[in-house]
Amino acid sequence: MRIFNTLTHQIEPFKPVHPGTVNMYVCGPTVYNYIHIGNARPVIFFDVVRRTFEYLGYTVNFVSNFTDVDDKIITRAKELETDEITLTQRFIKAFLDDAERLGSSTKYMAPKATEYMQPIIHYIEQLIEKGHAYEVEGDVYFDVKKSDDYGLLSNRQIDEQELGARIAINDKKRHPLDFTLWKKTEEGLKFDSPWGQGRPGWHTECAAMIDDIFGEKIDIHGGGVDLVFPHHENEIAQAHALHHHHLANIWMHNGHLQINDGKMSKSEGDVILVKDLTVDPMGFRLLTLGTYYRAPLMFNDEALNTYTNEWERIKRTYSQAFYALDLMEMLDGEAKNYPEIETFHDQFIEAMTDDFNTANALSHLYGLVKLLNQKLREDNAYDILLAAFNNLKIMFSILGLRVPLKRLSKADRNMYHAWKDARRNRDFERADQLREKLTERGILH
RNA sequence: GGUCCCGUAGCCAAGUGGCUAAGGCAGCGGACUGCAACUCCGCCAUCGUCGGUUCGAAUCCGAUCGGGACCUCCA
């Protein structure tokens with residue numbers, strides 16, 4: 001497995017901290033609204049990362065947080081005339097529903113900031129003790145100047161940034177880039193701390209959670225490119241101050257989805273929500289996987305249609321093979337080995353282990369689909385059909401693509417054979433009726 | 001002002017020093033078919049522009065044009 005590491009700016013071989021295990025953390029959503037299709041990219045991509053490692057035999061400890069205390073949440077709660085707890089519960093559920101719809105597993109550890117207050121406060125205390133943070137009137141800030149390698153991840157020099165250009169410089173801070181660890185709060189949810197009532201800064205949340213859950217440097221930390229600076233830079237600074245390591249060996253970042261030639265952002269109202277997608281979510285998932293994860297993903301209606309149609313095509317083949325094999329009662333049979341099918345499989349895995357090159361992997365999936373279609377046209381190719389079908393199933397499981405299919409009932413089988421008979425007898429009226437019924441049942445396409 | 005990414009056929013998109021530039025969509029030409037759908041076979045690009053390095057470049061370097069991201073919450 002080779003992975004591009006933002007920290008070193010190059011592709012490196014993956015070496016787990018503990019053989020056979022992958023400890024990974026992905027920055028989760030701030031739950032104040034429904035997620036949009038840009039937010040869906042990491043939800044899909046990192047799920048595929050996890051599935052790939054699992055296929056390769058690793059045990060993956062996947063953690064992704066919910067930020068449920070934040071200014072935006074307070075604002076939104078006021079807008080909707082509700083309280084923050086109700087609001088965040090609602091959007092956590094909405095997030096999980098969307099993730100599920102997109103085919104991403106929701107079975108992972110999902111810590112909430114509000115439930116991690118003690119570890120977070122403890123983390124901040126340690127930073128103060130070590131001289132890397134300071135308190136000013138109930139706020140606590142991280143002292144950026146105390147970190148030698150601040151800017152390592154995002155490749156920035158502290159003093160070359162255009163500071164205060166668009167945001168007022170907070171004169172309580174010793175340096176404008178110092179970031180808030182603890183914020184004194186008048187309104188909204190607040191928690192007791194040694195510095196008075198307040199709430200934690202966003203950047204500490206993830207670092208403290210990783211510290212508490214894993215207790216050591218993890219293998220992979222992921223998120224969108226926009227998090228590189230300052231969020232991930234700040235996480236690294238804190239981990240380095242406390243434990244002299246960079247929190248994760250590999251930092252992975254997915255590129256943005258672009259719509260209408262630009263970034264889709266929540267602040268510009270130019271958004272499409274996942275819950276509002278009218279196409280099959282698997283079509284959207286396929287679209288996401290059609291572009292290398294680090295490249296920008298160009299989204300438009302034509303692309304969405306193309307991939308949705310493509311998904312229909314793949315699904316049809318998969319389903320036809322499933323029913324062809326079920327009719328022969330071969331689905332549970334042992335598949336033989338065919339070198340040409342092994343090749344598709346091996347090339348697929350090769351692409352996936354080459355920094356998760358899903359675009360290339362898909363081309364091998366298409367090759368296998370074509371082979372299935374060829375075999376479906378033949379009368380007696382069931383052995384190779386089974387082998388190909390089983391391999392396609394593996395590819396589906398790695399990419400998180402799913403087609404819900406039910407085995408044929410006795411009535412289904414009879415109807416199918418009746419259709420075949422009617423056609424053979426040139427009773428086209430009856431054949432068409434049966435075809436329609438079989439199509440309704442999803443057995444024919 | 002600093003950091004960085006991208007520009008490959010009508011569209012989406014791999015490839016990042018070397019056989020005839022993956023794959024998909026659309027298009028075109030065939031085949032299959034009771035009809036239709038599906039499917040299959042075949043065709044379809046010299047890589048933004050200019051210059052350089054090299055035996056050899058889409059791939060490296062320089063310039064130039066165009067697009068985009070980050071430096072502020074953001075996936």
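In what follows, every heavy atom counts, from backbone to side chain, and hydrogens, waters and symmetry copies are set aside. Reminder, nothing fancy here: chain letters follow the sequence lines and each chain counts from 1.
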A/R294/A/D355 ion pair, N-O < 4.0 Å: yes
Using the closest heavy atom to pick a nucleotide of RNA chain B for each, name whichever of A/K72 or A/Q320 lands nearer the 5' end. A/Q320
Could you check which nucleotide pairs with B/C70 in any of the strands shown, counting Watson-Crick or G-U wobble with both distances under 3.5 Å? B/G2
A/L227 near the nucleic acid: base, sugar-phosphate alone, or nothing, with a heavy-atom cut-off under 4.0 Å? sugar-phosphate
Using a heavy-atom cut-off of under 4.0 Å over every strand shown, decide if A/S154 touches base, sugar-phosphate, or nothing. sugar-phosphate
Under 4.0 Å between any heavy atoms, over every strand shown, what does A/N254 touch: base, sugar-phosphate, or nothing? Just pick one. base
Pair of N/O donor and acceptor under 3.5 Å linking B/C41 base with A/R377 side chain: no
Distance check: side-chain N/O of A/N373 vs OP1/OP2 of B/U39, anything under 4.0 Å? no
At their closest point, which heavy atom of A/A321 faces which heavy atom of A/F389, and how far apart are they? CB-CD1, 3.8 Å
Would you classify A/G255 as touching base, sugar-phosphate or nothing, given that sugar-phosphate means primed atoms plus P, OP1 and OP2, and contacts are heavy atoms under 4.0 Å? base
Of the candidate nucleotides B/C74, B/C40, B/C70, which contains the atom at the shortest distance from the side chain of A/F229? B/C70
Name the orientation class of the two ring planes belonging to A/H203 and A/H231 (parallel below 30°, tilted from 30 to 60°, perpendicular beyond 60°). tilted
NA contact type, A/F428, heavy-atom cut-off 4.0 Å: base, sugar-phosphate, or nothing? base
Can a side chain N or O of A/R313 be found less than 4.0 Å away from OP1 or OP2 on B/C25? yes
Is it the case that B/A37 (base atoms only) and A/R435 (side chain only) share a donor and an acceptor within less than 3.5 Å, ignoring hydrogens and angles? no
Each nucleotide in nucleotides 10-22 of chain B should get exactly one letter: B, S or -. Can you fill that in based on protein heavy atoms under 4.0 Å? -SSSSS------B
Who is the Watson-Crick or G-U wobble partner of B/U64, with both distances under 3.5 Å? B/G48
Just to confirm, is there a sub-4.0 Å distance from OP1 or OP2 of B/C41 to any side-chain nitrogen or oxygen of A/Q374? yes
Which nucleotide wins on minimum distance to the side chain of A/R426, given the candidates B/G24, B/G34, B/A69? B/G34
If you look at every strand shown and take non-hydrogen atoms under 4.0 Å, does A/R423 touch a base, only sugar-phosphate, or nothing? base
Starting from the 5' end of RNA chain B, give me the residue, A/D70 or A/G367, whose nearest nucleotide shows up first. A/G367
How are the rings of A/W251 and A/H221 set to each other: parallel, tilted or perpendicular (split at 30° and 60°)? parallel
OP1 or OP2 of B/U39 under 4.0 Å from side-chain N/O of A/K375: no
Just call it for A/P230: base, sugar-phosphate, or nothing, with non-hydrogen atoms closer than 4.0 Å on any strand. sugar-phosphate
